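Small disclaimer: the values here were computed from a predicted structure and weren't measured.
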Amino acid sequence: MDVKLRKEGPEDTRTVECLLREAFWNVYVPGCEEHYLAHILRKHRDFVPELDLVAEAEGRLVGNVMCTHARIVSARETAWETLCLGPLGVLPEYQRYGVGRILVERVTTLASEMGFGSIFLYGDPSYYRRLGFLPGEQFGIRNGEGQWAAALQGRELRPGALEKVEGRFLESEAFRTDPEAAARFDRTFPEREKKWLPSQDLFLELVNMVRQ
């Protein structure tokens, strides 16, 4: 498949939000909020517009990735700058063709060229391990609650960037979405059925894989 990447433009806003809604609907929870998250991230101070990319294939937008500024904070309140990757979404009919991999490789290359040393995300280790991500625990990085979390994955963008870094990964406050605001935003899209899928149980298992 011929996939072309470019930065998201103002004309892509609604298309990307529709794309993310399709990509995440009923996957992790009944319905989803990723399209609303994209909507509010673009206006937030932590958003990195240079790392907001879209993938085009067969004459349409099929994937998107966004990044935000984040921090790693030690017990002594020393802070290091890092990035948070997400949301990363691909239309269901274009998944398993490597679109997500292409987006991740391009955005991490750009982030490295911009001077960032590392990037983190919350996701499925079995998928992101194939893209060069390792458990946060391997770098000495806990989640915001100070726990070792299986879903927290990291990747150095230059060798040794996390060698002397340890602490809690703190993503942007923009990720603390308002459910009511998200529901209002979703009502501006065509109505879709919210339902349970087995993937939601797997997601809950992953979320609960934490320890002190």
Side-chain angles (χ1 to χ4, degrees), residues 7-55 60-73 79 81-92 95 100 103-104 107 111 119-124 128 143-147 149 151-153 168-208 210:
K7 292 182 181 178
E8 179 187 326
E11 71 280 5
D12 302 315
T13 297
R14 190 67 170 186
T15 303
V16 167
E17 291 165 359
C18 290
L19 182 160
L20 293 173
R21 190 173 186 250
E22 289 291 321
F24 289 99
W25 194 260
N26 291 333
V27 174
Y28 299 132
V29 297
C32 73
E33 288 189 1
E34 279 77 6
H35 54 312
Y36 174 66
L37 177 61
H39 180 72
I40 62 175
L41 280 184
R42 297 189 190 93
K43 306 171 187 177
H44 198 275
R45 63 180 180 274
D46 290 330
F47 182 60
V48 186
E50 298 87 346
L51 301 178
D52 176 12
L53 307 180
V54 294
R60 61 189 300 204
L61 292 189
V62 300
N64 169 252
V65 65
M66 296 183 176
C67 291
T68 47
H69 291 282
R71 297 179 299 148
I72 299 168
V73 180
E81 184 180 27
T82 188
L83 282 172
C84 179
L85 187 152
L88 166 67
V90 177
L91 286 176
Q95 293 174 8
L103 282 165
V104 169
V107 83
I119 189 166
F120 283 80
L121 55 83
Y122 286 100
D124 182 355
Y128 285 102
N143 66 11
E145 289 71 46
Q147 302 167 314
L152 179 59
Q153 312 285 302
R168 295 179 299 129
F169 171 69
L170 302 179
E171 61 189 2
S172 171
E173 62 183 15
F175 283 85
R176 296 193 286 272
T177 57
D178 178 352
E180 293 185 2
R184 288 195 298 272
F185 180 70
D186 187 65
R187 287 195 288 272
T188 68
F189 293 79
E191 186 175 353
R192 292 196 61 178
E193 180 186 5
K194 295 181 180 181
K195 61 183 180 181
W196 172 88
L197 292 177
S199 59
Q200 296 171 23
D201 284 341
L202 296 174
F203 173 68
L204 284 176
E205 288 180 18
L206 180 61
V207 168
N208 290 323
V210 297

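Listed by chain and residue number, His39, Arg42 satisfy the side chain to side chain donor-acceptor pair (under 3.5 Å) test with Glu17 (two or more places apart in sequence, or in another chain). Residues passing the side chain to side chain donor-acceptor pair (under 3.5 Å) test with Arg71, sequence neighbours excluded: none. Annotation: side-chain contact (heavy atoms from CB on, under 4.5 Å) contacts of Glu205 (sequence neighbours excluded): Leu202. Glu171 meets the side-chain contact (heavy atoms from CB on, under 4.5 Å) test with Cys84, Tyr122, Phe169, Phe175; sequence neighbours excluded. Checked against side chain to side chain donor-acceptor pair (under 3.5 Å), Arg60 has the following partners two or more places apart in sequence or in another chain: Glu93. Take Gln147 and apply the side chain to side chain donor-acceptor pair (under 3.5 Å) test, not counting sequence neighbours, and it matches Asn143. Residues meeting the salt bridge (charged side-chain N to carboxylate O under 4.0 Å, His left out) test with Asp52, sequence neighbours left out: none. Partners of Arg187 according to the side-chain contact (heavy atoms from CB on, under 4.5 Å) rule, which considers only residues two or more places apart in sequence or in another chain, are Ala183, Arg184. Applying the ring pair (Phe, Tyr, Trp, His ring centres under 6.0 Å) rule to Tyr128 yields the partners Phe133; only residues at least two apart in sequence or on another chain are considered. In terms of the side-chain contact (heavy atoms from CB on, under 4.5 Å) criterion, residue partners of Val90 (sequence neighbours excluded) are, by chain and number, Tyr94, Gln95, Val99.
At least one side-chain heavy atom of Lys7 sits less than 4.5 Å from a side-chain heavy atom of Leu53. Put simply, the side chain of Glu8 reaches to within 4.5 Å of the side chain of Val16, judged on heavy atoms. Under the 4.5 Å side-chain criterion, counting only non-hydrogen atoms from C-beta, Phe120 is in contact with Ile72.
Taking all atoms of both residues into account, the shortest heavy-atom contact from Ala174 to Leu41 is CB-CD2, 3.6 Å. Nearest heavy atom pair, residue Val73 against residue Ala79, reads CG2-CB, 4.2 Å. In terms of heavy atoms, Gly63 sits closest to Leu103 at C-CD1, 3.8 Å. Closest non-hydrogen pair, Ala70 versus Leu170, comes out as CB-O, 3.4 Å.
For Glu180, the CD atom is loosely surrounded, since the number of other residues' heavy atoms within 6.0 Å does not exceed 12.
Listed for the Asp124 side chain is no donor-acceptor partner under 3.5 Å among the backbone atoms of Ala151. Side-chain atoms of Asp201 never come within 3.5 Å of backbone atoms of Pro198 as a donor-acceptor pair (strictly under, hydrogens ignored).
A salt bridge (Lys or Arg N to Asp or Glu O under 4.0 Å) check over residues 189-198, counting only residues at least two apart or in different chains, returns the pairs Glu22-Arg192.
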Would you give me the side-chain donor-acceptor pairs under 3.5 Å for residues 27-37, sequence neighbours excluded?
| residue | atom | partner | partner atom | Å |
| --- | --- | --- | --- | --- |
| Glu33 | OE1 | Thr177 | OG1 | 2.7 |
| His35 | NE2 | Asp186 | OD1 | 2.8 |

